[in-house]
Amino acid sequence: MVGRASARGLRVLHGRTDEPDLGDRCLCQYLQGVGAASQLSGQARRDTALYQCTDAALLAKAVEWMATDPKCANQAFNITNSDLIRWQNLWPKFANFFGMEPAPPRYINLARSMADKGPIWEKIVEKNGLQKFRFEEIAAWGYPDGVFASDYDIVSDTSKARRFGFHDLVDTEEMFFRMFSDFRRERIIP
């Protein structure tokens with residue numbers, strides 16, 4: 001699930017892990033060697049597999065619909081944004097948004113790689129006047145590890161929700177860039 005409710009749970013950040021001093025660089029640059037955005041996708045099949053995301057606001061609207069529409073009683077529904085993505089198409093766009101060059105895909109265990117980056121984040125927060133969220137609060141690094149471990153298509157059939165009357169959808173690419181822009185505007189990321 002991706003969206004406002006998980007704003008602190010999803011961060012696509014880049015940088016180098018072998019650099020002891022940030023200097024004037026933001027975490028996006030610092031973590032490039034870790035490869036969180038443009039390199040996170042791993043094996044080629046992971047990059048080309050079909051995937052779906054679910055915006056938190058869309059899911060909330062769907063849950064409200066399910067809870068209030070009598071014909072939804074005792075029914076189960078799949079809710080996604082309704083479009084399909086391939087990470088290989090998004091990585092270059094994410095890298096561009098953060099002002100970085102895309103890198104070749106490689107898999108990195110973010111939960112392990114990011115475990116000791118709290119002090120770096122504190123410097124970035126101070127330098128850029130960001131909100132003072134602890135590093136552990138801004139990202140659930142294990143979540144993307146699971147998302148990007150899949151080397152097969154993950155597609156949910158949402159047609160039942162449509163047949164029962166829920167027709168809302170979200171453009172996944174627009175969702176990500178809206179979230180990234182919101183994070184910047186709210187001073188969560190530089």
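Here, residue 1 is the first one in the sequence, and each next residue gets the next number. All figures in this text were calculated on a predicted structure; none of them were measured in a lab.
The line from CG of Leu59 to CD of Glu64 is 12.0 Å long, rounded to the nearest 0.5 Å. Here the CD1-OG1 distance, from Ile154 to Thr80, works out to 12.0 Å after rounding to the nearest 0.5 Å. For the atom pair CH2 (Trp121) and CD1 (Ile189), the distance works out to 7.5 Å, reported to the nearest 0.5 Å. For the atom pair CG of Leu58 and OG1 of Thr54, the computed distance is 7.0 Å after rounding to the nearest 0.5 Å.
In terms of modelled atom types and a separation under 3.5 Å, the side chain of Glu137 and the main chain of Arg134 share a donor-acceptor contact. A donor-acceptor pair under 3.5 Å links the side-chain atoms of Lys117 to the main chain of Ser113, judged by distance alone. Side-chain atoms of Arg162 come within 3.5 Å of backbone N or O of Phe166 as a donor-acceptor pair. Arg46 places no side-chain N or O within donor-acceptor distance of the main-chain N or O of Asp151, the cut-off being under 3.5 Å. Side-chain atoms of Gln52 do not come within 3.5 Å of backbone N or O of Ser82 as any donor-acceptor pair.
Partners of Ser159 under the side-chain hydrogen bond (donor to acceptor under 3.5 Å, both in side chains) rule, at least two apart in sequence or in another chain, are Asp157, Arg163. Scored by the side chain to side chain contact (heavy atoms under 4.5 Å, CB included) test, Ala111 finds Asn109, Asp145 as partners (sequence neighbours excluded). Partners of Glu126 by salt bridge (Lys or Arg N to Asp or Glu O under 4.0 Å), not counting sequence neighbours, listed by chain and number: Lys132. For Arg187, the side chain to side chain contact (heavy atoms under 4.5 Å, CB included) partners at least two apart in sequence or on another chain are Asn128, Leu130, Gln131. Contacts of Ser181 classified as side chain to side chain contact (heavy atoms under 4.5 Å, CB included), with partners at least two apart in sequence or in another chain: Phe97. Looking at residues two or more places apart in sequence or on another chain, you find a salt bridge (Lys or Arg N to Asp or Glu O under 4.0 Å) between Lys61 and Asp168. For Asn78, the side-chain hydrogen bond (donor to acceptor under 3.5 Å, both in side chains) test picks out no residue, with sequence neighbours left out. For Leu50, the side chain to side chain contact (heavy atoms under 4.5 Å, CB included) partners two or more places apart in sequence, or in a different chain, are Leu84, Arg86, Asp153, Val155. Applying the side-chain hydrogen bond (donor to acceptor under 3.5 Å, both in side chains) test to Asp116 and every residue at least two apart in sequence or in another chain returns nothing. A search for side-chain hydrogen bond (donor to acceptor under 3.5 Å, both in side chains) contacts involving Thr172 returns Asn81, Asp83, not counting sequence neighbours.
In this structure, Cys53 and Met175 have side chains that are in contact, with non-hydrogen atoms separated by less than 4.5 Å. With a 4.5 Å cut-off on side-chain heavy atoms, Phe164 and Asp69 do not count as touching. Side-chain contact between Phe148 and Tyr51 is absent, with no heavy atoms from C-beta onward closer than 4.5 Å.
Using cut-offs of 30° and 60° on the angle between ring planes, the pair Phe177 and Phe180 is perpendicular.
Atom CZ of Arg112 sits in a sparse spot, with 12 or fewer heavy atoms from other residues, nucleotides or ligands closer than 6.0 Å.
The list of salt bridge (Lys or Arg N to Asp or Glu O under 4.0 Å) pairs with a residue in residues 88-98, not counting sequence neighbours, reads Lys93-Glu173.
Side-chain contacts under 4.5 Å among hydrophobic residues (ILVMFWY), followed directly or transitively, place Leu169 with no other residue at all.
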